[in-house]
Q: 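First, the structure itself, so that you have it in front of you.
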Amino acid sequence: MRVLVAMSGGVDSAVAAARAVDAGHEVVGVHLALSRMPGTLRTGSRGCCTIEDSRDAHRVAGMLGIPFYVWDFSERFKEDIVDDFIAEYAAGRTPNPCMRCNERIKFAALLDRALALGFDRIATGHYAEVIRDAEGRPELHRGEDLLKDQSYVLGVLTGDQLEHCYFPIGATASKAEVRAEAAERGFPVANKPDSYDICFIPDGDTKAWLSDKISMRPGLIKDEEGAVLGEHDGAMTYTIGQRKGLGIEKPAADGRPRFVTGLDPESNTVTVGSREDLTVHHLTGIRTSWSGPAPSDIGDTAETGIDCEVQIRAHADPVPARAWLGEVIAEVPAHEADVPAARPAGQLLHVDVAEALSGVAPGQTMVIYRGTRVLGQATIDVTAKDRLGEGAIATATV
RNA sequence: UCCGCCCUGGUGUAAUGGCAGCACGCCGGCCUUUGGAGCCGUGCAGUAUAGGUUCGAAUCCUAUGGGCGGAG
């Protein structure tokens, strides 16, 4: 097969490329330039898309003897990821730009160009597996190393996209093995640190980065009863579940930490409460997508939903859940028409969970699993304290 | 003006004559392809002020300043 390997400059995609070559494929390496001003990206191996990362990827491609290109996706990246990120925060939500990038850039813009150029697959260094079912259709499964499993961030991929995905290191037992293999192959990136934080925010200070891109107005911080506890300088930079940086003078009467439990862009109010005030048992998602065909047995009531597990962060424990379909939102509701990045169209996904979830922010992604398999995902839009369904949720996992 | 009670890190408190401790906060580290969370740290930071008693004072005494309540 003709394989285009997306080489971030890290150890994982380097080994992925090497394995694709070893497997006998015709391999071309490509590094994505995502910023028009690379100097503004973070350096020191913290991200996936700095100048150094590009050079590292180039060196590895050279060692493998494969063609290597740098493709400029900075325009798409700015429109689809950075601008969306800003608009989401301005609307009081908390976006996940890495998943957005997978959805719109790596497995969309990049994939489209690869297919147009005659490639059969794009390969990446993700820890996840594509397994074919009896009919030969692709299923997305967790990576073998559950500590490094990255199936969550690939939950946005549809069956059509998975059809062309190739994850050469997904079945590797541990990251240590990948690093050891990189060292054996003499790759200079063998000991490069894992990437973390948002790649387009140079110093990792999201609040400061946002502050000159969205209008910041001082407002009040209140407790669950409405008593004023302090002030903030812009509600939109906070997120549900946040504990640090609240700047409240007095500790709570019970001496326990306080967390952001709500933020309202209209009244510009941040609400704080206890850890218990953060717990939810129901999620409503929007922009639902399926990792392949939608489950045939999913209904539109809690009783006719499917038993599954839901995961609300990249490395959170999956929680037993019941998922069912809701209405289809065709257009932006009138009352939200003037809100930036108002709720997008799509089918609602309702999820009741067997165990309380904590710190769940609208805008984040819930990924639905059954065992190791990713079923689909939705963007969290609303959360609720109590379940909607009556019955117990099956807690046995596959 | 008089009487009584009170004053300990940024905040809330513990220690009633014997090593000023705890919590929240802040800072740093770990973890992490998102936000957060979580975990770790001999990390930061305090006895309102001035005297006195005592081997030793946050603690007892005196004065001053500040706060609260009551007679006015």
Side-chain angles (χ1 to χ4, degrees), chain A residues 6 8-13 32 34 41-42 45-50 53 81-82 84-86 88-89 91-107 124-128 143 145-156 167 169 175 192-201 204-207 209-210 221 229-230 236-263 270 272 274-275 278-280 311-317 356-367 377 379-380 383:
Chain A
S8 67
V11 60
D12 295 325
S13 56
L32 305 187
L34 299 177
L41 294 176
R42 57 192 331 168
S45 306
R46 304 188 91 195
C48 57
C49 31
T50 63
D53 292 324
I81 282 73
V82 180
D84 175 75
F85 181 84
I86 295 167
E88 284 289 285
Y89 265 104
R93 291 189 285 263
T94 307
N96 185 332
C98 287
M99 296 189 75
R100 201 79 173 153
C101 181
N102 288 335
E103 178 188 5
R104 297 293 193 84
I105 306 292
K106 288 178 188 156
F107 299 96
T124 67
H126 284 102
Y127 287 80
D145 179 0
L146 292 179
L147 292 176
K148 291 302 297 180
D149 168 44
Q150 290 173 319
S151 60
Y152 175 87
V153 294
L154 300 174
V156 287
F167 304 126
I169 65 168
K175 175 119 185 180
K192 196 167 168 178
D194 292 1
S195 65
Y196 58 93
D197 286 351
I198 300 173
C199 68
F200 55 86
I201 298 181
D205 189 344
T206 305
K207 183 174 180 174
W209 186 89
L210 282 170
I221 299 178
L229 298 180
M236 293 84 80
T237 60
Y238 291 83
T239 186
I240 304 287
Q242 178 174 339
R243 171 176 173 177
K244 292 189 175 296
L246 299 179
I248 298 173
E249 283 289 305
K250 303 171 83 69
D254 57 10
R256 295 165 66 212
R258 279 185 282 231
F259 302 85
V260 173
T261 55
L263 49 105
V270 173
V272 298
S274 68
R275 196 184 300 273
L278 273 180
T279 58
V280 299
Q311 188 172 320
I312 47 91
R313 287 192 299 267
H315 290 95
D317 290 330
L357 299 174
S358 194
V360 188
Q364 293 283 288
T365 303
M366 56 164 146
V367 174
Q377 63 84 39
T379 302
I380 295 162
T383 62

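Below, chain A is the first sequence line, B the second, and so on; all start at residue 1.
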Q: So, for A/Trp209 and A/Phe85, is the gap between ring centers shorter than 6.0 Å?
A: yes
Q: Using heavy atoms to find the nearest nucleotide of RNA chain B for A/Thr206 and A/Leu246 separately, return the residue whose nucleotide is more 5′.
A: A/Leu246
Q: With a 3.5 Å limit on both atom pairs, tell me what B/U32 is paired to, counting Watson-Crick and G-U wobble, or say none.
A: none
Q: Figure out the CZ/C1' separation between A/Arg275 and B/G38, and round it to whole Å.
A: 8 Å
Q: Please give the distance between the P atoms of B/C44 and B/G10 as a whole number of Å.
A: 14 Å
Q: How many Å lie between CD on A/Gln242 and C1' on B/G25, as a whole number?
A: 14 Å
Q: Just how far, in rounded Å, is P of B/G9 from NZ of A/Lys250?
A: 13 Å
Q: Hey, does the side chain of A/Gln150 reach the backbone of A/Ala128 with a donor-acceptor pair shorter than 3.5 angstrom?
A: no
Q: Consider the side chain of A/Phe259, meaning its heavy atoms from C-beta on, and name the nucleotide among B/G12, B/A37, B/U34 that approaches it most closely.
A: B/A37
Q: With sugar-phosphate meaning primed atoms plus P, OP1 and OP2, does A/Gly359 contact a base, only sugar-phosphate, or nothing at under 4.0 Å between heavy atoms?
A: base
Q: Partner of B/A50 by Watson-Crick or G-U wobble geometry, both contacts under 3.5 Å, or none?
A: B/U62
Q: Closest nucleotide of RNA chain B for A/Gly255 versus for A/Phe85: which of these residues is on the 5' side?
A: A/Gly255
Q: Is it the case that over 12 heavy atoms from other parts of the model lie below 6.0 angstrom from the CG atom of A/Asp317?
A: no
Q: Watson-Crick or G-U wobble partner for B/C27, using a 3.5 Å limit on both distances?
A: B/G41
Q: Compare the minimum distances between each of B/G35, B/U34, B/G25 and the side chain of A/Cys98, then state the nucleotide with the smallest one.
A: B/U34
Q: Can you measure A/His315 atom NE2 to B/G35 atom C1' for me and round it to whole angstrom units?
A: 15 Å
Q: Check the phosphate of B/G25 against A/Arg258, side-chain N and O only, distance under 4.0 Å to OP1 or OP2. Yes or no?
A: no
Q: Round to the nearest Å and state the distance from A/Tyr152 atom OH to B/U34 atom C1'.
A: 8 Å
Q: Once you round it to whole Å, what is the distance between C1' of B/G35 and NZ of A/Lys244?
A: 15 Å
Q: Of the nucleotides B/U32, B/G25, B/G35, which has the atom closest to the A/Arg243 side chain?
A: B/G25
Q: Below 4.5 Å, heavy atoms only, C-beta onward: do A/Thr94 and A/Tyr89 meet side chain to side chain?
A: yes
Q: Tell me if a side-chain donor or acceptor on A/Glu103 pairs with a main-chain N or O of A/Ile105 at a distance below 3.5 Å.
A: no
Q: Which whole number of Å gives the distance between the P atom of B/U49 and that of B/U59?
A: 11 Å
Q: Whom does B/U16 pair with, Watson-Crick or G-U wobble, provided both distances fall under 3.5 Å?
A: none
Q: Using whole Å, what does the distance between atom P of nucleotide B/U32 and atom OH of A/Tyr127 come to?
A: 11 Å
Q: Checking contacts here: which listed nucleotide (B/U11, B/G38, B/U32) is nearest the side-chain heavy atoms of A/Tyr196?
A: B/U32
Q: Are the charged groups of A/Lys175 and A/Asp194 less than 4.0 angstrom apart, N to O?
A: yes
Q: Find the partner of B/A71: check Watson-Crick (N1-N3 plus N6-O4 or O6-N4) and G-U wobble (N1-O2, O6-N3) distances, both under 3.5 Å, and reply none if neither fits.
A: B/U1
Q: In whole angstrom, what separates A/Met366's CE from B/G36's C1'?
A: 18 Å
